[in-house]
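Heads up: numbering here begins at 1 and tracks the sequence. Quick caveat, the model's predicted, so the values are computed rather than measured.
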Amino acid sequence: MKYLKFSLSVCLFISLSFTAQTKEITLEAIWSGAFRTEGMDVLHSMKNGQKYSVLNFDRATRSTSVDIYDYETLKKVETLVSSSNIAELNYFTDYTFSHDEQKLLLATEEESIYRRSSLAYYYVYDINSKSVSKVAEEKIQEPTFSPDGLKIAYALNNNLYVKDLIANTVKQITFDGEKNKVINGITDWVYEEEFAFVRAFDWNKASNKIAFIRFDETNVPEFSMDIYGEALYQTQQVFKYPKAGEKNSDISLHIYSLSDDKLTDVKVNKSYSDFYIPRIEWTNDADILSAQYMNRNQNELDLWFINAEDNTSKLVLAEKDKAYIDVTDNLTFLKDNSFIWTSEKDGYNHIYHYSKSGDLKNQITKGNWEVTNYYGYDENNNTIFYQSTENGSINRDVYSIKLNGRNKKRLTKTDGTNRASFSADFSYFINTFSSATTPPEYSLNSAASGNLIKSIKDNDKLAQKVSDFKTSKKEFSTIHVNGNDLNMWMIKPSSFDASRAYPLFMTQYSGPGSQSVSNSWNGTNDYWYQMLAQQGYVVVCIDGRGTGFKGAEFKKITQNDLGKYEVEDQIQAAKQLGELPYIDASRIGIWGWSYGGFMSSNCLFKGNDVFKMAIAVAPVTSWRFYDTIYTERYLGTPQNNPDGYDENSPINHVEKLKGDFLLVHGTADDNVHAQNTMRLVEALVQADKQFDWAMYPDKNHGIYGGNTRLHLYKKMTSFINETLGDRIEQPKENQEVESKIKG
């Protein structure tokens with residue numbers, strides 16, 4: 001019956017959109033959280049496979065709790081721990097179970113460092129004794145239970161420590177950690193940002209060894225940012241940031257043995273001159289560590305098995321690509337130490353099964369579609385669960401398949417975006433579904449058949465609220481541009497009249513492997529686009545060449561030429577859209593953030609006969625200013641590919657500016673430094689080009705905090721209205737018809 005409800009919800013939404021929409025979306029409503037969705041926070045499947053835990057917040061008591069629910073009934077079974085019962089802390093914001101689920105790590109007073117890293121106070125809660133103990137007196141990073149639950153390893157001031165929870169003692173295991181010099185067990189800035197992990201240490205299965213990566217960033221160039229604050233004098237944040245072609249951290253791999261207090265430097269049987277170690281993970285053998293080594297060009301990836309007892313190594317898998325190799329977290333070891341691996345080696349991302357010696361046993365998935373998430377392996381039923389684009393690149397579905405590649409099943413039933421969280425024994429999965437017309441719905445499903453068991457949570461109230469506002473359907477299609485069918489969505493004004501000519505506003509991100517055109521529920525910007533549509537704009541988004549989920553050839557065509565093909569596609573698409581009878585080709589604008597800002601700047605400069613205006617927020621303006629790992633993955637080094645860096649960087653095309661340009665940046669952007677905007681501003685000034693710009697003091701790459709986002713979007717909205725024309729009013733007869741319908 002739930003699926004009937006899905007259909008009714010969609011029909012209700014569409015029906016109401018034509019009959020009851022009276023309210024206009026405002027920026028104040030968007031940024032006050034009026035359209036926020038409800039979700040399930042920090043979902044954890046208990047080991048018994050029959051229960052799951054969720055982090056809940058009680059607004060009445062201002063307390064947080066870890067609550068246990070039964071999969072079959074979906075009813076709360078118990079509150080495992082609540083901050084209201086712990087005198088030592090007022091609240092906690094995250095939790096982690098020990099392997100035996102007898103202890104919990106609770107985080108409080110979290111303090112962000114960079115995008116993924118943070119400091120916090122951590123407490124261990126013993127479920128049986130209901131006792132609470134503080135892990136350390138200081139704020140620490142990445143505390144992690146040993147598999148036996150008797151110890152915790154953590155990082156403090158760039159060194160690693162181990163706390164014995166039984167003896168209540170702490171042992172320091174590295175001693176050379178120093179800010180901006182040496183980091184043990186925690187990634188440096190560029191690893192965190194581009195390889196997407198922070199904890200660079202791992203316990204073995206026997207809880208008697210810890211492997212970790214050491215980063216010596218002594219010779220990495222420093223970048224500094226002024227922090228203006230509220231004091232009389234500003235301060236400076238100084239950190240190591242290797243820009244393209246510059247020195248990276250010297251990295252090394254080590255294994256610490258708790259039994260004899262011995263620290264071993266790991267050596268592999270290959271000489272690497274300049275390399276990365278993007279992942280380490282112990283196998284199911286307590287003495288065998290896996291480590292992935294990658295060359296600086298990132299087109300060669302080696303998987304090593306290292307024997308911690310005699311420090312010998314074996315190369316079990318070596319991949320090469322003419323462009324680059326994406327690092328993933330899909331490596332999974334089976335009981336016999338054979339392993340699951342994902343690769344694009346046949347042109348699409350698929351799942352492979354290798355023996356423990358690295359021999360290919362089977363390519364499990366095949367086809368002209370992408371595996372987009374690997375959920376796990378059910379050893380009892382010899383079944384793998386994954387997410388893919390087999391049902392269209394803008395959709396996501398959950399599938400099961402046998403290890404031998406047979407008996408594939410589509411487990412999700414409705415077109416849109418489906419994401420699964422499986423129970424520990426793979427009996428159930430909680431599916432999160434949304435589409436362009438349906439806000440997130442959480443349901444319990446059978447892992448064997450995919451059949452719905454029960455609805456858990458929906459956002460029907462939000463759907464009803466949205467139906468009260470003037471909104472337009474997001475129309476999905478493809479547009480044939482430069483020999484390719486590109487995914488596109490379009491939003492037209494709710495009072496659309498095909499006899500009128502509307503200004504066109506284009507949005508995009510366009511970065512390598514990204515996707516902006518997806519069949520999923522509204523993000524915050526979608527409401528902004530709806531607001532612009534209600535003001536009389538046609539809003540369009542197109543994923544051009546270089547974006548993801550359509551195969552490696554489509555994605556990697558931009559190799560060594562970032563900003564060439566992507567910009568050509570946006571310019572040509574704008575030209576073709578401008579030929580539509582209801583588009584005013586003289587009023588076409590484009591915007592983007594980060595890589596999207598790099599793109600919008602280039603589009604305005606290089607497409608000065610097509611685009612009337614552009615907005616660039618936190619843009620890269622020269623790839624020479626960006627970090628090593630990201631930039632060199634797609635462009636090589638500037639020493640080896642200077643033309644690839646310079647020919648498509650906006651800073652080198654300022655003389656072509658004809659239209660209106662708004663440039664925005666945060667002064668404390670540790671990712672895309674404000675240097676990018678400052679250098680572009682200087683180039684524009686020296687080229688005698690007029691433009692508008694805004695700097696947000698002490699704001700990072702996200703440009704948020706307090707009233708900041710509202711201010712930014714007001715500025716951008718005003719700029720769009722000023723440059724693309726006045727608001728378009730409906731014909732009088734349409735107004736009368738609509739008023740009668742609403743009446």
**Prompt:** Are Tyr582 and Tyr502 close enough that their ring centres sit under 6.0 Å apart?
**Reply:**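 No; Tyr502 has its ring centre 6.0 Å or more from that of Tyr582.
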
Take the angle between the ring planes of [X] and [Y] and call it parallel below 30°, perpendicular above 60°, tilted in between.
X      : Y      : value
Tyr529 : Trp489 : tilted
Phe691 : Phe661 : tilted
Tyr626 : Tyr630 : perpendicular

Got a salt bridge between [X] and [Y], using NZ or NE/NH1/NH2 to carboxylate O under 4.0 Å?
X      : Y      : result
Lys461 : Glu38  : no
Lys492 : Glu475 : yes
Asp646 : Arg624 : yes
Asp397 : Arg419 : no
Asp415 : Arg410 : yes
Lys564 : Glu647 : no
Lys575 : Glu579 : no
Arg633 : Glu194 : no

NZ or CZ of [X] within 45° of [Y] ring axis and under 6.0 Å:
X      : Y      : value
Lys714 : Phe719 : no
Arg587 : Phe505 : no
Lys556 : Tyr324 : yes
Lys23  : Phe469 : yes

**Asked** If you draw a 6.0 Å radius around CZ in Phe476, do more than 12 non-hydrogen atoms from other residues or ligands fall strictly inside?
**Response**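 Yes, the 6.0 Å shell around CZ holds more than 12 heavy atoms from other groups.
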
**Item:** Glu441 (side chain) donor-acceptor with Ser434 (main chain) under 3.5 angstrom
**Value:**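 Not a single qualifying donor-acceptor pair exists.
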
**Item:** Lys612 and Asp660: CA distance, side-chain angles, deciding distance, salt bridge (charged side-chain N to carboxylate O under 4.0 Å, His left out) verdict
**Value:** CA-CA 6 Å; Lys612 186 178 187 297; Asp660 298 299; 3.6 Å; yes

**Item:** Steps toward side-chain hydrogen bond (donor to acceptor under 3.5 Å, both in side chains) verdict (Gln534, Gln530)
**Value:** CA-CA 6 Å; Gln534 81 188 14; Gln530 291 284 355; over 6 Å; no

**Message:** Checking Tyr527 against Thr471 for the side-chain contact (heavy atoms from CB on, under 4.5 Å) test, could you report, in this order, the C-alpha distance in whole Å, the side-chain angles of both residues, the deciding distance, and whether it holds?
**Reply:** CA-CA 9 Å; Tyr527 293 102; Thr471 58; 5.9 Å; no

**Item:** CA sep, side-chain torsions, deciding dist, call: Asn349, Trp369, side-chain contact (heavy atoms from CB on, under 4.5 Å)
**Value:** CA-CA 8 Å; Asn349 194 50; Trp369 43 270; over 6 Å; no

**Item:** Sub-4.5 Å side-chain heavy-atom contact between Val466 and Phe35
**Value:**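 Answer yes - side chains close enough.
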
**Request:** Please name the pair of heavy atoms, one in Asn560 and one in Asn641, separated by the smallest distance, quoted to 0.1 Å.
**Result:**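 Taking every non-hydrogen atom into account, O-ND2, 3.2 Å.
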
